Amino acid sequence: MRLRFDADRQWRALLNRNYRRGALPRKNVYGDAPGLVPFGAAYPDKLVPQADYKEVIAECHTAKVFPMYHQKATWCPPGQKWNQNGLPYCWAWGLTAAVKDQRAREGKPTVQLAPVSLGFTVNWAKTGNYLQSAIKGATERGICESKYVPDQHSRSYRQYKDGWIENALLHRLAESWDADHRSTAAMIQHSVSILATGTPLYVAYNWWGHALECVGVEWDESVAYNIVWVLRNSHNEADLIRLTGSRGVPSEAYGIRATAA
């Protein structure tokens, strides 16, 4: 489904009712974010020129390069829901989805991971988080498998099964890319370019106060910027959602480039 916010008041009300301020606004500037590789500076040869967007996007769909295809074939087939269940941990659900997609891209076994196990990054409080904080936590300590967590929405980590800390270390990040957020044009170029490598994007929207995963883009000359943003949300949808226009352009985006061996 394609969500057009300026026309759909009911959907806008739904967004604002239960899922506010899950993602906190970015503090660091591009190129000065600890633990993140500035994509444009490190990989200038991978930047797709604006004139080539249409062709590159079409090729990525034909060859099934975008993360949406890895996702459908592994941990989240069509109809499978992904639900934070009102817990303000969208930052954990969005990152975990991206980690699982990257694992699929790397050919690693499909495992279900527990986003709530990233709660240590906020001292297990019921609160929002910075995306960079979540990335740091997943890089240092990882995300444990769901089988260690009796209740997938419980912050009571003392109830987790023995061995969850050691298991989480098996599912850590190795490298993450930082997309340039300093202009709309830069954000679109970096996002399209990162996705074109098959790398999942961990994104946030300041207007929404929400974090989620971007799994692809589509070309549509009837919408602003000609880009439709394809996203895996965590509000219990049975399908991917699509955003267009200025609200579809992420406020910040990180390519989850590699998981630890």
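Both backbone and side-chain heavy atoms feed into the values below; hydrogens, waters and symmetry mates do not. Each residue takes its place number in the sequence, starting with 1. Keep in mind it's a predicted model, so treat the numbers as computed, not measured.
There is a side-chain donor-acceptor pair under 3.5 Å between Glu213 and Gln71. With 3.5 Å as the limit, one finds no donor-acceptor pair spanning the side chains of Lys46 and Thr197. There is no side-chain donor-acceptor pair under 3.5 Å between Gln102 and Lys108. Side-chain N/O atoms of Ser234 and Gln84 include a donor and acceptor closer than 3.5 Å.
Across Pro38 and Gly31, no two heavy atoms sit closer than the pair CB-CA, 4.2 Å. Nearest heavy-atom pair across Ala114 and Ser146 is N-OG, 3.6 Å. Considering all non-hydrogen atoms of both residues, Asp101 and His70 come closest at O-CB, 4.3 Å. In plain terms, the two heavy atoms of Cys214 and Val203 that are nearest each other are CB-CG1, 4.0 Å. In plain terms, the two heavy atoms of Ser191 and Ala253 that are nearest each other are OG-CB, 4.1 Å. The shortest heavy-atom contact between His210 and Asn233 is NE2-OD1, 2.7 Å.
Once rounded to the nearest 0.5 Å, the distance linking NE2 of His171 with OG1 of Thr96 reads 11.5 Å. Lys27 contributes atom NZ, which lies 8.5 Å from atom CD of Gln132 (distance to the nearest 0.5 angstrom). Remark: Gln159 CD to Asp151 CG distance equals 8.0 Å, nearest 0.5 Å. A distance of 11.0 Å separates CD of Glu140 from CG of Leu169, quoted to the nearest 0.5 Å. With values rounded to the nearest 0.5 angstrom, Ser176 atom OG is found 11.0 Å from Leu201 atom CG. From Lys161, atom NZ reaches atom NZ of Lys147 across 9.0 Å, with rounding to the nearest 0.5 Å.
Put simply, the side chain of Arg26 does not reach to within 4.5 Å of the side chain of Ser251, judged on heavy atoms. Using a 4.5 Å cut-off on side-chain heavy atoms (C-beta onward), Ile188 and Val217 make no contact. Within the 4.5 Å cutoff, no side-chain heavy atoms of Val48 are placed close to those of Glu55. Within the 4.5 Å cutoff, the side chain of Tyr89 has no heavy atoms near those of the Lys126 side chain. Considering only heavy atoms from C-beta on, Trp208 comes within 4.5 Å of Leu243 through its side chain. With a 4.5 Å cut-off on side-chain heavy atoms, Thr244 and Trp229 do not count as touching. Contact annotation: the side chain of Leu113 approaches that of Lys100 to within less than 4.5 Å [non-hydrogen atoms, C-beta and beyond]. For the pair Phe39 and Ser193, the minimum side-chain heavy-atom distance is below 4.5 Å.
Linking ILVMFWY side-chain heavy atoms closer than 4.5 Å, directly or via other members, places Tyr225 and Leu47 in a single hydrophobic cluster. Hydrophobic clustering (ILVMFWY, side-chain heavy atoms < 4.5 Å, transitive): Tyr30 and Val249 are in distinct clusters. Hydrophobic clustering of Ile, Leu, Val, Met, Phe, Trp and Tyr side chains at less than 4.5 Å, counting indirect connections, unites Ile194 with Tyr69. Cluster annotation: Tyr160 and Phe120 are assigned to the same hydrophobic cluster (Ile/Leu/Val/Met/Phe/Trp/Tyr, side-chain heavy-atom contacts under 4.5 Å, transitive). Residues Tyr130 and Ile256 are members of separate hydrophobic clusters, defined by side-chain heavy-atom contacts under 4.5 angstrom among Ile, Leu, Val, Met, Phe, Trp and Tyr.
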Legend entry - CA sep, side-chain torsions, deciding dist, call: Thr127, Trp91, side-chain contact (heavy atoms from CB on, under 4.5 Å): CA-CA 10 Å; Thr127 186; Trp91 50 270; 6.0 Å; no
Inset, instruction - Under the side-chain contact (heavy atoms from CB on, under 4.5 Å) rule, what do Tyr205 and Leu212 come out as? Steps first, then yes or no, please. - result: CA-CA 9 Å; Tyr205 293 97; Leu212 61 169; 3.7 Å; yes
Legend entry - CA sep, side-chain torsions, deciding dist, call: Val99, Leu173, side-chain contact (heavy atoms from CB on, under 4.5 Å): CA-CA 8 Å; Val99 170; Leu173 295 181; 3.5 Å; yes
Inset, instruction - Let me see the working for Leu240 and Lys72 under side-chain contact (heavy atoms from CB on, under 4.5 Å), right down to the final yes or no. - result: CA-CA 10 Å; Leu240 301 172; Lys72 290 180 180 179; 4.3 Å; yes
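At least one donor-acceptor pair closer than 3.5 Å links the side chain of Asp180 to the backbone N or O of Arg182. Remark: side-chain polar atoms of Asn167 are paired, donor with acceptor, to backbone N or O of Glu145 under 3.5 angstrom.
The environment of CD in Gln50 is sparse: at most 12 heavy-atom neighbours from other residues, nucleotides or ligands sit within 6.0 Å.
The only member of Arg103, Arg105, Glu106, Arg172 that meets side-chain hydrogen bond (donor to acceptor under 3.5 Å, both in side chains) when paired with Thr259 is Glu106. Partner Trp177 forms a ring-ring contact (aromatic ring centres under 6.0 Å, His included) with one of Tyr254, Tyr43, Tyr202 and no other, that one being Tyr43. No option in Leu24, Leu118, Thr121, Val122 other than Thr121 meets the side chain to side chain contact (heavy atoms under 4.5 Å, CB included) test with Ser133.
Aromatic pair Trp93/His153: centroids less than 6.0 angstrom apart.
Here Asp220 does not pair with Arg242 in a salt bridge; the nearest charged N to carboxylate O distance is not below 4.0 Å.
Under a cutoff of 6.0 Å and an axis angle of 45°, Arg232 and Trp82 do not form a cation-pi pair.
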